[in-house]
Trainee: 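Take a look at the following structure, please.
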4 protein chains.
Amino acid sequence: MGEDKRESIIEAALRLFEDQGYHTTKVSDIVHKAGVAQGTFYLYFKSKEDLFRSIAESCLGQIADAIKQNCTGDMKEEALYRMILESLRVYYNNKTILKILNGHGAASTEIADISDAFYRTIMLVIKQSFLDWGAFPNYSDAQLEIAAYSKIGMVELVAYQCFVVQNYDTTHIESIAQVLAGVNAPCQLESTEAGDK
Amino acid sequence: MGEDKRESIIEAALRLFEDQGYHTTKVSDIVHKAGVAQGTFYLYFKSKEDLFRSIAESCLGQIADAIKQNCTGDMKEEALYRMILESLRVYYNNKTILKILNGHGAASTEIADISDAFYRTIMLVIKQSFLDWGAFPNYSDAQLEIAAYSKIGMVELVAYQCFVVQNYDTTHIESIAQVLAGVNAPCQLESTEAGDK
Amino acid sequence: MGEDKRESIIEAALRLFEDQGYHTTKVSDIVHKAGVAQGTFYLYFKSKEDLFRSIAESCLGQIADAIKQNCTGDMKEEALYRMILESLRVYYNNKTILKILNGHGAASTEIADISDAFYRTIMLVIKQSFLDWGAFPNYSDAQLEIAAYSKIGMVELVAYQCFVVQNYDTTHIESIAQVLAGVNAPCQLESTEAGDK
Amino acid sequence: MGEDKRESIIEAALRLFEDQGYHTTKVSDIVHKAGVAQGTFYLYFKSKEDLFRSIAESCLGQIADAIKQNCTGDMKEEALYRMILESLRVYYNNKTILKILNGHGAASTEIADISDAFYRTIMLVIKQSFLDWGAFPNYSDAQLEIAAYSKIGMVELVAYQCFVVQNYDTTHIESIAQVLAGVNAPCQLESTEAGDK
DNA sequence: AATGAATGAGATTTCATTCAT
DNA sequence: TATGAATGAAATCTCATTCAT
């Protein structure tokens, strides 16, 4: 019962952060939307920032977990395509968080540490996948990390543009993944040595 | 003379936004750092948000211009690699803006319109380059746009991680570009049909 | 309970507006005098102007009501004298408002609409009384309105000068009313019995 | 030449005070309308209030002078009517001041002394006229003053309502004066003893 | 646990006035 | 005399947080 209120506060905050951003959303907006009293807020959260961190932590944690589960393991075949596809699905299912994440930046001062940790976590998952697949046999550790970050940036901005800005629905996810997976191949043909180094 | 003060306000704001973010930075911080009086601020800017928009507009405009100039034209050879390389250079030279941009998100409510326009502009430049090179002959318009956005997201997050978080210096730019340009090739080789579409 | 604070804010504002005028009175003065916190003010009033309008509306409303009740009905006998007498009593009992009203003008930009409506309301009451008494049988509507306004102006300035500037007490009201009621007759008749007191 | 600027400042201020009131009008508005520089203002006036006082003093002085000249002397015949008529003409010709006067109240804190003195001056002129005409032979001094103030209040509010609110033009002045002069006569007939008491 | 009125520090913004040129 | 950029004190208003009930 008490937890009901906590949940409704989080729910309300999530919506408001999504629509207006963290700074524009007032505690009074949140409690009003949640249907609880002003003081109740502080029964469950130490401060407004505490709520934001709490939400960010849990949400980014969920995304990270989802990616961990969906983008690892026995993916040898069409590995990259499937990793992208699954990541897109995760972002699609967490559109709200995607919106908040992009609306506050990778380093919104309030949650800079959380968001940094988030990116690092995902990057490590992807790097490990690369190693598992033997994808880039002669890349150094640093290079693998760059490669991993590049995948994250790619998927994230595209997810944001497609799902949030242009409101693509679930039926487009596969074709988007195909574009992302195949996107370098043609270049390869034109200028083969490009990344060969 | 008068413009000196305007410049020092912008300079100070740029530094403070970079360090603390827009919301944490007070007008009083800015004028103090700029060495001008509180009222002087409002001689040059209608409001704090006006300053932010002004800065964002001009900075993102510069980046967009730089990318336009450096990533188009006769790039046939090693086109993608050179586009990535030049983009990284632009981001490196605009580290401050990169930091602010990422610190406030792709859609910081205050400058959402400006930043949306910025991404769209760059995307169009890249799409056009793709068309000029004949890079993805059988991609639809929507697919080309996705491809373009994917490049932007890739370069931007990597630039942020390398230049801002990890403080790589200018000597690494080329090798980062090589990783980004070549990053899919090996995948291609290992799991050839991956993105083949 | 909560309304206590609202009341004390109004009370304090009334005093301060009376003493120093609206523009000179700061919200901080009001809350200080009312013994509440700065923020409390905005719990009950949207703005300083909102408070002023609120006060003006309610006070002028009270005066208008008092005049309506006391200056109409079966007054045939000595009608004008009694109307003036009652109006003076109303103004005397609302000295504070009288002072504010005169201190801010008939058309203080902040409450111009309210004060205009106030004068119009009273004028209409008086015009109706004139009609009820058959006082000016061959006056046009416009002329009756002018006559009504003239009575208001007369009573108001005299009330201000006597009650506010010269601090006459309640015992003088009747004799003032006599002067005002009789003041024109003598002139008319060559002014023989003048103020026959 | 220098005085040109002084004049244009006064002119501009007069217009702006009339339209928006003293407090709403900024010095920057005035100098802008007057076409001079900000600093020039302080070459001619010590402060904004100084300008206001200066304007009020001169304008009210003009009205007082005009009333003095037009409402005294050999007016025996129809004395009251002619005094009212002339006063209305004075107010009509000084509509701007009338508007400012009413817009700021009889006792706008900034010019309270000036405006008090103004009313007192006019009152004395009228009282003297009453004495000259032998209008109210057995009125005490205090009663004569009340009578005089009543005339001022009457004319002023009617002038404001007719000339400012309803924009009557010069052709109506005479008929307004007739209404004001005759306004008590009919009452007299209906309830003869009215002021007798 | 729940309430919501009250708080007050602090932020943004305004604008009369000054002063170096 | 004239300028107008610069000033900074001060005012209004906001809102996260507290606390008595």
Side-chain angles (χ1 to χ4, degrees), chain A residues 1-6 9 23-32 35-52, chain B residues 1-6 9 23-32 34-51, chain C residues 1-6 9 23-32 34-51, chain D residues 1-6 9 23-32 35-52:
Chain A
M1 166 172 278
E3 290 311 286
D4 277 2
K5 306 224 177 222
R6 194 189 141 92
I9 289 170
H23 286 101
T24 315
T25 301
K26 295 176 248 169
V27 173
S28 62
D29 293 339
I30 298 173
V31 296
H32 179 254
V36 302
Q38 194 88 355
T40 307
F41 183 94
Y42 293 88
L43 244 38
Y44 297 103
F45 302 96
K46 239 182 30 240
S47 66
K48 186 183 157 190
E49 187 175 327
D50 179 47
L51 164 70
F52 187 33
Chain B
M1 166 177 280
E3 291 310 284
D4 278 1
K5 306 243 171 199
R6 194 189 141 93
I9 289 170
H23 286 102
T24 314
T25 301
K26 309 303 165 199
V27 173
S28 61
D29 296 338
I30 298 172
V31 295
H32 180 253
V36 301
Q38 194 85 0
T40 305
F41 182 94
Y42 293 91
L43 221 50
Y44 296 104
F45 302 97
K46 263 205 332 275
S47 65
K48 189 181 143 187
E49 186 174 329
D50 179 46
L51 165 70
Chain C
M1 166 175 283
E3 290 310 284
D4 277 1
K5 307 240 171 202
R6 193 190 141 94
I9 289 170
H23 286 102
T24 316
T25 302
K26 310 302 166 200
V27 173
S28 61
D29 296 337
I30 298 172
V31 295
H32 180 253
V36 302
Q38 193 87 359
T40 306
F41 182 94
Y42 293 90
L43 221 50
Y44 296 105
F45 302 98
K46 264 206 329 274
S47 66
K48 188 181 143 188
E49 186 175 328
D50 180 46
L51 165 70
Chain D
M1 167 172 275
E3 290 309 285
D4 278 2
K5 305 226 177 219
R6 194 189 141 92
I9 289 170
H23 287 101
T24 316
T25 301
K26 295 177 245 168
V27 172
S28 64
D29 294 338
I30 298 172
V31 296
H32 179 254
V36 302
Q38 194 89 355
T40 306
F41 182 94
Y42 292 88
L43 242 37
Y44 297 104
F45 301 96
K46 242 184 25 242
S47 66
K48 185 184 159 189
E49 188 176 326
D50 179 46
L51 164 69
F52 188 32

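Chain A is the first sequence line, chain B the second, and so forth, proteins listed ahead of strands; every chain is numbered from 1.
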Trainee: If you assign each of A:Phe41 and B:His23 to its closest nucleotide in DNA chain E, which residue comes earlier from the 5' end?
Mentor: A:Phe41

Trainee: If you round to the nearest 0.5 Å, how far is CZ of A:Phe41 from CZ of A:Arg6?
Mentor: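 Answer for the CZ-CZ pair, A:Arg6 versus A:Phe41, is 10.5 Å.
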
Trainee: Between D:Phe45 (CZ) and E:dT18 (C1'), how many Å, whole number?
Mentor: 18 Å

Trainee: How many whole angstroms separate atom NZ of C:Lys5 from atom C1' of E:dG4?
Mentor: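 Value for this atom pair: 13 Å.
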
Trainee: Which sits closer to the 5' end of DNA chain F, B:Gly35 or A:Thr25, going by the nucleotide each is nearest to?
Mentor: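 The answer here is B:Gly35.
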
Trainee: Indicate the atoms forming the closest heavy-atom contact of B:His23 with A:His23, along with that distance.
Mentor: ND1-ND1, 2.9 Å

Trainee: Using atom CG of D:Asp50 as one end and atom C1' of E:dA16 as the other, report the distance to the nearest whole Å.
Mentor: 13 Å

Trainee: In terms of the nearest nucleotide of DNA chain E, which residue is placed more toward the 5' end: C:Gln38 or B:Ser28?
Mentor: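 By nearest-heavy-atom nucleotide position, the 5'-most residue is C:Gln38.
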
Trainee: So which heavy atom on C:Asp50 is nearest to which on C:Phe45, and how close?
Mentor: OD2-CA, 3.5 Å

Trainee: Without decimals, in angstroms, what is the distance between D:Glu49 CD and E:dC15 P?
Mentor: 17 Å

Trainee: Quick one: on DNA chain F, does D:Leu43 or C:Lys26 contact a more 5' nucleotide (nearest heavy atom)?
Mentor: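 Closer to the 5' end of DNA chain F: D:Leu43.
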
Trainee: Using atom NZ of D:Lys48 as one end and atom P of E:dT14 as the other, report the distance to the nearest whole Å.
Mentor: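 In whole Å, E:dT14 P lies 15 Å from D:Lys48 NZ.
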
Trainee: Can you tell me the pairing partner of E:dT3 across any strand shown, Watson-Crick or G-U wobble, with both distances under 3.5 angstrom?
Mentor: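 Check on E:dT3: paired to F:dA20, both distances under 3.5 Å.
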
Trainee: Got a second to check how far C:Thr25's OG1 is from C:Ile30's CD1, nearest 0.5 Å?
Mentor: 6.0 Å

Trainee: Whole angstroms only, please: what is the CD1-C1' distance between D:Ile9 and F:dT3?
Mentor: 12 Å

Trainee: Show the nearest heavy-atom pair for residues C:Tyr42 and C:Val27, with the distance to one decimal.
Mentor: OH-CG2, 3.8 Å

Trainee: Can you identify which nucleotide, out of E:dG4, F:dA6, E:dT13, has its nearest atom closest to the A:Ala37 side chain?
Mentor: E:dG4

Trainee: Given atom NE2 of D:His32 and atom P of E:dC15, what is their separation to the nearest angstrom?
Mentor: 15 Å

Trainee: Report yes if at least one side-chain N or O of C:Thr40 is closer than 4.0 Å to OP1 or OP2 of E:dA6; otherwise report no.
Mentor: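 No, outside the criterion.
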
Trainee: A:Tyr42 OH to E:dA6 C1': how many Å, rounded?
Mentor: 14 Å

